[in-house]
Amino acid sequence: MNRTDWQFVKERTADPDGGTVHVSADGERYRRTGGEALRAEAAFQQMIAGLGYPVPRVLEYGETSDGAFFVVEESLGGQSLHEAALARLDGGRTPADTVVDQLAEVSARLLYAQAAHPVDAAPDALRQWVEQAGWTHDVFAENPDFDTPRTHAALDRVVDQLGGVPLVWGHLDYGLPNVLPAGVIDWQHHGVVPLGYDVAPALEVVPFKGGAKGYAATPAQRERYLAALDAAARAAGADPVSPHLGAFLLVKALFFLALMRPADPAGVDRQQKQQKQHKQQKWQYRRHLFLKGLEQYERTGNVDTALFPTLDAFAAGQGPADRP
């Protein structure tokens with residue numbers, strides 16, 4: 001392959017074997033390199049493309065001269081919906097309705113394809129999903145005070161609530177940064193999920209970023225988005241997914257807390273200490289959001305992210321009660 005056609009985009013830091021991303025000069029193709037993780041992702045992507053999932057078509061794959069794996073796939077466009085949302089803010093924090101509607105259209109296509117191809121999973125697949133999607137091993141290792149009967153009772157309730165929901169092949173990291181108007185990219189974290197887990201929280205996970213994303217959907221946008229998903233589920237012969245949003249968001253609260261606890265700042269210089277203190281604050285913030293989500297789910301079976309404080313508001317009012 002003529003390598004002069006390719007322009008460097010970025011390093012693939014999430015791949016344990018490293019790798020790069022290049023785009024063709026005409027912007028119509030992407031070329032990624034990596035190791036076994038990329039090989040597995042490409043095989044999975046080919047499989048779900050055959051099921052009608054809105055994903056890039058794999059055009060070519062193989063090994064480079066130095067033994068790395070490469071895959072060439074079609075481009076779904078040059079701008080994610082996250083980038084589109086930021087570009088169209090017009091001085092406020094409300095994303096354009098056109099961006100939300102594009103997200104609803106892609107999410108509905110994905111949900112319909114998922115509902116049409118349920119997975120015959122093992123009896124404990126739901127509990128395995130909670131552990132995988134919530135990174136519970138890491139969360140409880142870093143936050144042992146959350147590894148309690150109370151937390152496990154809430155997660156048991158999640159499993160019970162979702163007991164009749166079809167299990168499907170899912171993305172596990174679905175959100176506006178991975179969605180383009182033509183489909184969904186970055187399937188490296190794929191796995192078996194309950195129907196709706198990928199798409200239903202897509203607008204709700206933004207508050208977990210603490211306001212740093214730059215935009216926040218309005219209640220009307222969130223309601224319209226969920227209505228589009230429920231319509232797609234019904235069209236596929238499945239039950240609506242919106243009633244399970246609270247269960248999905250409790251697991252997401254765990255996911256956003258995973259691998260957040262910083263190391264001890266002792267023995268570092270001033271700049272490093274400030275960085276550690278910032279990480280400490282973000283960890284405390286995510287702990288706070290998990291507790292708020294847990295309390296809401298226990299009381300109502302739902303989680304309302306509109307009640308979450310921003311990171312700045314939390315930092316301004318943080319007190320001893322928020323500390324471990």
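When all heavy atoms of Gln114 and Gly170 are compared, the pair lying nearest together is NE2-CA, 3.8 Å. Shown here for Ala154 and Leu294, the closest heavy-atom pair between the two residues is CB-CD1, 3.5 Å. Contact record, Ala258 with Glu142: C-OE1, 4.1 Å, taken as the closest heavy-atom pair. Closest of all the heavy-atom pairs between Phe248 and Val241 is CE1-O, 4.2 Å. Heavy atoms only, all atoms of each residue included: Leu254 and Gly134 are closest at CB-O, 3.4 Å. Residue Arg109 comes nearest to Pro181 through the heavy atom pair NH1-O, 4.2 Å, listed as atom of the first residue, atom of the second, then distance.
Residues Arg29 and Trp6 form a side-chain contact, since some pair of their non-hydrogen atoms from C-beta on lies under 4.5 Å apart. Between Tyr174 and Pro201 there is no side-chain heavy-atom pair separated by less than 4.5 Å. Contact annotation: the side chain of Tyr215 approaches that of Leu89 to within less than 4.5 Å [non-hydrogen atoms, C-beta and beyond]. In this structure, the side chains of Leu257 and Trp283 come closer than 4.5 Å at one or more pairs of heavy atoms. In this structure, Val168 and Val192 have side chains that are not in contact, with every pair of non-hydrogen atoms separated by 4.5 Å or more. Put simply, the side chain of His244 reaches to within 4.5 Å of the side chain of Leu162, judged on heavy atoms. Residues Thr305 and Leu249 are in side-chain contact: their nearest non-hydrogen atoms beyond the backbone lie under 4.5 Å apart. The closest side-chain heavy-atom distance from Gln102 to Val179 is not below 4.5 Å.
When atom types are taken as modelled, the side chain of Glu11 and the backbone of Val21 share no donor-acceptor pair closer than 3.5 angstrom. No side-chain donor-acceptor contact under 3.5 Å links Gln79 to the backbone of Leu180. Here the side chain of Thr151 pairs a donor or acceptor atom with the backbone of Phe146 at under 3.5 angstrom.
For the residue pair Asp186 and His171, no side-chain donor N or O sits within less than 3.5 Å of a side-chain acceptor on the partner. Looking at Ser24 and Asp5, their side chains never bring a donor and an acceptor atom within 3.5 Å of each other. Between the side chains of Thr94 and Thr218, no donor-acceptor pair is found at a separation under 3.5 Å. With no hydrogens or angles considered, no side-chain donor-acceptor pair links Asp312 and Thr310 at under 3.5 Å.
Taking CZ from Arg88 and CG from Leu81, the interatomic distance works out to 8.0 Å, rounded to the nearest 0.5 Å. Atom CG of residue Asn143 and atom CZ of residue Arg286 lie 12.0 Å apart, to the nearest 0.5 angstrom. With values rounded to the nearest 0.5 angstrom, Gln221 atom CD is found 10.5 Å from Leu103 atom CG. Atoms NZ and CD, on Lys276 and Gln281 in that order, are 15.5 Å from each other to the nearest 0.5 Å. Atom CG of Asp26 and atom CD of Gln7 lie 9.5 Å apart (nearest 0.5 Å). Leu229 CG to Leu195 CG: the interatomic distance, rounded to the nearest 0.5 Å, is 9.5 Å.
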Practice prompt. Carefully, step by step, assess Arg224 and Asp101 under the rule salt bridge (Lys or Arg N to Asp or Glu O under 4.0 Å).
Written response: CA-CA 9 Å; Arg224 188 170 73 251; Asp101 291 343; 3.2 Å; yes
inquiry  = Applying side chain to side chain donor-acceptor pair (under 3.5 Å) to His190 and Asp173, what does each step give before you reach the verdict?
reply    = CA-CA 8 Å; His190 60 268; Asp173 192 23; over 6 Å; no
Derivation and outcome, side-chain contact (heavy atoms from CB on, under 4.5 Å), residues Leu307 and Gln296 = CA-CA 10 Å; Leu307 300 177; Gln296 291 180 15; 3.8 Å; yes
| query | Given Asp124 and Trp129, is the side-chain contact (heavy atoms from CB on, under 4.5 Å) satisfied, shown in steps? | reply | CA-CA 9 Å; Asp124 63 343; Trp129 159 72; over 6 Å; no
Checking Thr300 against Asn302 for the side chain to side chain donor-acceptor pair (under 3.5 Å) test, could you report, in this order, the C-alpha distance in whole Å, the side-chain angles of both residues, the deciding distance, and whether it holds? CA-CA 5 Å; Thr300 68; Asn302 197 14; 5.5 Å; no
- Message: Asp304 vs Arg222, test: salt bridge (Lys or Arg N to Asp or Glu O under 4.0 Å). Steps then yes/no.
- Response: CA-CA 11 Å; Asp304 187 355; Arg222 293 157 65 198; 3.4 Å; yes
Evaluate His152 against Asp147 for side-chain contact (heavy atoms from CB on, under 4.5 Å), listing each step before the verdict. CA-CA 7 Å; His152 290 285; Asp147 189 6; 2.6 Å; yes
Trace of the side-chain contact (heavy atoms from CB on, under 4.5 Å) decision for Phe255 with Leu172 = CA-CA 10 Å; Phe255 166 79; Leu172 280 166; over 6 Å; no
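Classification of Asp156 and Arg127 as a salt-bridged pair holds, one side-chain N sitting under 4.0 Å from a carboxylate O. The existence of a salt bridge linking Asp239 and Arg234 is excluded, since no basic side-chain nitrogen approaches an acidic carboxylate oxygen closer than 4.0 Å. In this structure, Arg32 does not pair ionically with Asp15, as no charged nitrogen and carboxylate oxygen lie closer than 4.0 Å. Between Arg57 and Glu73, no side-chain nitrogen of the basic residue sits less than 4.0 Å from a carboxylate oxygen of the acidic one, so the salt-bridge criterion is not met. Salt-bridge annotation for Arg150 and Glu298: present, with a side-chain N of the basic residue lying under 4.0 Å from a carboxylate O of the acidic one. Taking a cutoff of 4.0 Å between a charged side-chain nitrogen and a carboxylate oxygen, Arg287 and Asp145 qualify as a salt bridge. Between Glu63 and Arg39 there is a salt bridge, since at least one side-chain N of the basic residue sits less than 4.0 Å from a carboxylate O of the acidic one.
Trp187 and Val58 are not part of a single hydrophobic cluster, where members link through side-chain heavy atoms under 4.5 Å apart. At a threshold of 4.5 Å between side-chain heavy atoms, the hydrophobic network of Ile, Leu, Val, Met, Phe, Trp and Tyr places Val205 and Leu176 in one connected group. Under the 4.5 Å side-chain heavy-atom criterion for Ile, Leu, Val, Met, Phe, Trp and Tyr, Leu250 and Phe140 are members of the same hydrophobic cluster. Residues Tyr30 and Val184 fall into different hydrophobic clusters, defined by Ile, Leu, Val, Met, Phe, Trp and Tyr side chains chained together at heavy-atom separations under 4.5 Å. A continuous path of ILVMFWY side-chain contacts below 4.5 Å connects Leu259 to Tyr285, so both sit in one hydrophobic cluster.
Lys282 pairs with exactly one of Gln280, His278, Lys279 by the side-chain contact (heavy atoms from CB on, under 4.5 Å) rule, that one being His278.
Heavy atoms from other residues, nucleotides or ligands lying under 6.0 Å from CG of Asp66 number more than 12.
In this structure, the ring of Tyr61 has its center no less than 6.0 angstrom from the ring center of Phe70. Aromatic ring centroids of Phe44 and Trp169 lie under 6.0 Å apart.
Using cut-offs of 30° and 60° on the angle between ring planes, the pair Phe208 and Phe308 is perpendicular.
By the 6.0 Å and 45° rule, Arg157 stacks over the aromatic ring of Tyr297.
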